[in-house]
Amino acid sequence: MLRNLLKSKFLIGVIVLLRFTMKAIIDCNNFYCSCERLFKPWLKNIPVVVLSNNDGCIISRSDEAKKLGLKMAAPYFMVKPFLEKQGVQVFSSNYALYGDLSKRVMETIASILPENCIEVYSVDEAFLDLSNVSPIELNDVVKNIKDTVELWTGIAVSIGVAPTKTLSKIANHLAKTNKEKSNCLLVLDTPDKIAAALKRTPVDEIWGIGKQFAAKIEKLNVKTGYELQLMPEEWFRKNLGGVVGVRLLHELQGSPSIGIDEQLSTKKMVSCTRRFERPLTDLKFIKEAVATYVSRAAEKLRRQQSAVKTLSVFIIPKEFKRGKVYKPLEPVTTQMKLPVATSRTNELIKQALILVEQIFKEGATYEKAGVIFSDLTPDSSLQGNFFSPQAGFGQRYLMSQVDNVNFSMRNEKVKFASAGVAKPWKMKQEFLSSGYTTRWNELRLIS
DNA sequence: TCTGGGGTCCTAGGACCC
DNA sequence: TCTGGGGTCCTAGGACCC
């Protein structure tokens with residue numbers, strides 16, 4: 001009798017503990033494909049895929065496309081005949097459209113929850129802090145979030161709920177693997193449910209375990225998340241990246257070690273890198289490409305009101321004889337510290353072109369280039385340098401006007417001469433859909 | 001012919017200082 | 001003959017994520 005009482009008290013204790021720490025992950029199902037479908041209702045039940053930049057490989061698949069056996073990251077040119085035979089609809093990625101729809105989804109979620117309870121984790125995912133929701137209401141609250149997002153935006157979502165971020169990712173994954181039963185929603189709110197979920201989860205599907213870590217774990221003959229969280233802490237510390245591994249263990253055991261970060265933080269680095277449409281040997285064209293990438297990255301930089309101190313440029317030579325397994329060649333990189341942090345496109349282009357000349361080899365063929373801005377500082381606190389006075393108000397005003405024009409018109413209506421006109425290096429986008437929600441002249445027409 | 005792009009965090013080890 | 005050691009900063013590189 002007493003034992004039963006203690007046991008129930010213990011259970012109440014566990015429930016109370018969970019009540020205060022519940023977290024959720026909500027993500028959009030097959031996000032890019034869903035966005036394409038939203039404005040083309042006739043695509044319902046037809047397999048759809050979205051391709052990466054340059055129409056390189058598959059980065060989003062509808063359920064029907066998954067059923068056909070199409071794999072994530074499959075190179076487009078290799079599966080093209082199959083796609084045609086199966087009647088799969090193919091789209092180039094349209095980031096302006098996806099970005100806009102993502103914003104709508106996130107704003108909808110934020111409007112339902114108390115302030116500072118949402119962490120936008122990626123374009124199609126957000127973590128939610130549900131610590132203010134009572135256990136009894138938990139299911140209804142989560143269901144309401146899901147229904148509202150789907151009704152207001154037309155994008156289907158899945159939600160996983162658990163005491164930690166890592167466990168909520170596991171819940172979300174399980175919810176999706178059995179959609180009919182779960183209705184894309186799974187709540188792990190008791191130790192038993194958590195244990196059962198961990199037993200169904202192979203280690204390589206756990207958030208935070210990639211290829212390298214999975215290989216180490218496999219050697220121990222540990223197969224599921226449940227077995228993994230029984231391993232000693234020291235093993236995690238030694239083999240899975242020190243404190244990173246220890247955090248992972250605690251998360252699996254239900255003790256929150258990764259917090260919800262509500263701040264929309266400013267980026268610590270900004271980059272723009274692209275594969276060319278076709279390989280280049282001409283320094284002139286590579287410089288044009290790099291100048292364009294610098295312009296893009298500088299726009300991102302100014303949008304978050306940062307300035308850059310360290311500028312890196314890389315180019316990747318083309319490999320002529322490839323083995324069976326595709327592996328890109330190592331980039332040739334160089335970098336410089338700027339005397340004064342800046343966000344001025346013309347100044348950054350000038351320096352970047354000097355770097356390109358340093359690493360470019362006459363006679364070599366290149367297939368990709370990129371620029372990376374790191375060591376960012378807030379633009380408002382720019383420190384002057386006695387020898388190079390910082391950009392005055394006029395310069396910065398000019399920059400913001402260039403950004404505004406480009407942001408609203410896309411495709412760089414105003415650009416710097418060094419970015420070139422012919423552009424033999426530009427991206428391939430054969431199947432680009434319209435800008436439905438972001439450009440007036442491409443709005444959907446209802447007749 | 002054709003295999004994405006943009007991020008984060010952490011660690012190890014060297015340089016430097018006192 | 002015997003030549004320290006701890007702290008801090010920086011960087012490159014490795015791992016992970018979507």
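Heavy-atom basis, side chains included; hydrogens, waters and symmetry copies ignored. Every chain is numbered from 1, with letters handed out A, B, ... down the list of sequences. Remember, predicted model here, so these are calculated numbers, not experimental data.
- Only the C1' atoms considered, B:dC16 is 15 Å distant from C:dG4, to the nearest whole Å.
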Derivation and outcome, side-chain hydrogen bond (donor to acceptor under 3.5 Å, both in side chains), residues A:T345 and A:R302: CA-CA 10 Å; A:T345 301; A:R302 292 191 292 266; 2.9 Å; yes
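- Checking B:dT3, C:dA15, C:dC18 against every side-chain atom of A:Q212, the shortest atom distance belongs to C:dA15.
- Here A:Y32 and A:F91 keep their ring centres 6.0 angstrom or further from each other.
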For A:L249 and A:V246, run side-chain contact (heavy atoms from CB on, under 4.5 Å): C-alpha distance rounded to whole Å, both residues' side-chain angles, the deciding distance at 0.1 Å, then the answer. CA-CA 5 Å; A:L249 173 63; A:V246 175; 5.6 Å; no
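- Heavy atoms of A:D55 sit nowhere under 4.0 angstrom from any nucleic acid atom.
- Judged by distance alone, with hydrogens and angles left aside, the side-chain atoms of A:D129 form a donor-acceptor pair with the main-chain N or O of A:S131 at under 3.5 Å.
- Within a 6.0 Å sphere centred on CD of A:E233, heavy atoms belonging to other residues, nucleotides or ligands number more than 12.
- Note on A:K337: only backbone sugar-phosphate atoms sit closer than 4.0 angstrom, heavy atoms only; bases stay farther off.
- The distance from atom NZ of A:K211 to atom P of C:dC17 is 12 Å, rounded to the nearest whole Å.
- Using a 4.0 Å heavy-atom cutoff across all strands shown, A:Y76 reaches no nucleic acid atom at all.
- The nearest whole Å value for the distance from the CG atom in A:D204 to the C1' atom in C:dC16 is 14 Å.
- Residue A:N30 contributes atom CG, which lies 14 Å from atom C1' of C:dC18 at whole-angstrom precision.
- No donor-acceptor pair closer than 3.5 Å links the side chain of A:S343 to the backbone N or O of A:A307.
- Taking the six-membered ring for Trp and thresholds of 30 and 60 degrees, A:Y76 and A:F431 have ring planes more than 60 degrees apart, a perpendicular arrangement.
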Could you run through nucleotides 4-14 of chain B and give me one letter per nucleotide, 5' to 3': B if any protein heavy atom sits under 4.0 Å from the base, S if only the sugar-phosphate is that close, - if neither? SSSSBSSS---
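- We find that A:E367 and A:R275 are joined by a salt bridge, their nearest charged nitrogen and carboxylate oxygen being less than 4.0 Å apart.
- Note on A:I209: only backbone sugar-phosphate atoms sit closer than 4.0 angstrom, heavy atoms only; bases stay farther off.
- Across the protein-nucleic acid pair, A:W207 atom CH2 and C:dC16 atom P stand 14 Å apart, rounded to whole Å.
- When base pairs are accepted only as Watson-Crick or G-U wobble with both N-N or N-O distances under 3.5 Å, DNA chain C takes part in stems of 3 or more pairs at B:5-18 with C:5-18.
- Using a 4.0 Å heavy-atom criterion, one finds that A:I206 contacts the sugar-phosphate atoms exclusively.
- With both ends at atom P, the span from B:dC2 to C:dC18 equals 30 Å, rounded to whole Å.
- Aromatic ring pairs are classed by plane angle as parallel below 30°, tilted from 30° to 60° and perpendicular above 60°; the pair A:Y293 and A:F276 is parallel.
- C:dC18 atom P lies 12 Å from atom NZ of A:K165, rounded to whole Å.
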